[in-house]
2 protein chains.
Amino acid sequence: MAGPSHDHHHHPSPPEALIRQAEEACRAQGVQFTPLRRRVFEELARSREPLGAYDLVERLGRERRIAPISVYRVLDVLIEAGLIHRIATRNTYLPCHHAHDPHGATVFLVCTSCGVVDEVCSPDLTRGLDGTAAAAGFRPGGRAVEVEGECASCRTAAPG
Amino acid sequence: MAGPSHDHHHHPSPPEALIRQAEEACRAQGVQFTPLRRRVFEELARSREPLGAYDLVERLGRERRIAPISVYRVLDVLIEAGLIHRIATRNTYLPCHHAHDPHGATVFLVCTSCGVVDEVCSPDLTRGLDGTAAAAGFRPGGRAVEVEGECASCRTAAPG
DNA sequence: CTACGTGCTGTTACAACGTAACAAGTTCGC
DNA sequence: GCGAACTTGTTACGTTGTAACAGCACGTAG
Ligand SMILES: [Zn+2]
Ligand SMILES: [Zn+2]
Ligand SMILES: [Zn+2]
Ligand SMILES: [Zn+2]
């Protein structure tokens, strides 16, 4: 299942670098990067796929029991700080792996086959989205969209 | 623009017409439009906002108790038949109010203020989406996206 | 008429996802 | 020390979605 890492269109985002960036971003925002928050972020950063809240409950609870509510609170903080994202169509969470253009839309390409989620920014899609919204008199909030489909690896692995 | 026809503002989706269309679509697809399925669709068609599965459980259970699983099964059938859509960010369901272009993307404009969801098709957004997906080697499946924000009515009602 | 397959719904129980309310520990400044 | 703000623990609960199996309706073959 863990395909060979032929990821070339995006940096493989090493977990350690991601964690350092998160720590730095927290300091910059005056948000505490507590041990629990670090543990949650680490698990997400080291996972190949997004994780559910209860996946985290289980992984963090190996040594000592952690209640779901604690995990959800941490997730809320990390989302608020822009360090992670939530995939609504899957009820899962993943670390943000690039700085966001505040004026651009973000697309999460969710592979229904392997579960991997690719996060990309797209000026084209931003334009299309803004145009569509404007035509309906709608003011978008987050401008993050999720699209399900088949990723490049799975397409080559299983043609059809 | 987006509208293939005179489709410009939120018109008060006529429930009776919607229900007739649904019945016709079922017949055309060889899908039974049973009393329970009709009841579920009617509730959705007559609601101003999308409804949750348990909202339907409550509304259908006025006379006789209906189990959640029964509602979910009906919802699955109606979704499969293309008669309703599910809003993943809200865990709610709403009737499809226009024929879908199989080659186009659909956008659900979800108002975070009043809860109303507007369903629009947009060639612009379709292009942006396809371009973004192609650049990542991704083959989109459904091509339905949800965007949260503030609808036209709420913008004029409560300026911010 | 009987038997059987297929499709729809009922019943029960449960899994997965998420939150409220309150207590207790930590950090920090006074 | 002492209180304020923040973080986490504990318990219990609410919401959303599903599994497994039984009954019923209907058409069809024997
Ligand atoms: Zn991001
Ligand atoms: Zn894949
Ligand atoms: Zn539709
Ligand atoms: Zn509104």
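These values consider heavy atoms only, across backbone and side chains, with no hydrogens, waters or symmetry-generated copies. Lettering of chains follows the sequences in order, A, B, ..., and the numbering in each one begins at 1. Bear in mind that the values here come from a model prediction, so they are computed numbers and not experimental data.
- The pair Glu148(B)-Arg139(A) fails the salt-bridge criterion, with no side-chain N (NZ, NE, NH1 or NH2) lying under 4.0 Å from an Asp/Glu carboxylate O.
- Below the 3.5 angstrom threshold, one finds a donor paired with an acceptor across the side chain of Tyr54(B) and the base of dG17(D).
- The existence of a salt bridge linking Arg90(A) and Glu49(A) is excluded, since no basic side-chain nitrogen approaches an acidic carboxylate oxygen closer than 4.0 Å.
- When the side-chain nitrogen and oxygen atoms of Asn91(B) are compared with OP1 and OP2 of dG17(D), one or more of them lie within a distance under 4.0 Å.
- Among the heavy atoms of the strands lying under 4.0 Å from Tyr93(A) are primed sugar atoms or P, OP1, OP2 only; no base atom is included.
- Non-hydrogen atoms lying under 4.0 Å from DNA chain D are contributed by Arg86(B), all within residues 78-88 of chain B.
- When only modelled atom types and interatomic distance are considered, His98(B) and Gln21(B) share no side-chain donor-acceptor pair under 3.5 Å.
- Taking atom CG of Asp55(A) as the reference point, atom C1' of dA15(C) lies 14 Å away to the nearest angstrom.
- Nearest-nucleotide positions on DNA chain D for Val77(A) and Arg65(A) put Val77(A) closer to the 5' end.
- For the residue pair Glu150(B) / Ser113(B), no side-chain donor-acceptor distance below 3.5 Å is found, with atom types taken as modelled.
- Taking 4.5 Å as the limit, every side-chain heavy atom of Val31(B) sits out of range of all side-chain heavy atoms of Glu80(B).
- Residues His97(A) and His85(A) have side chains that never bring a donor and an acceptor to within less than 3.5 angstrom of each other.
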Please produce a list of atom pairs where a protein N or O lies less than 3.5 Å from an N or O of nucleotides 27-30 of chain C.
none

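- Ionic pairing of Arg39(B) and Glu43(B) is present here: one or more N-O contacts between side-chain nitrogen and carboxylate oxygen are shorter than 4.0 angstrom.
- For DNA chain D, the neighbouring residues in residues 68-75 of chain A, judged by any heavy atom under 4.0 Å, are Ile69(A), Ser70(A), Arg73(A).
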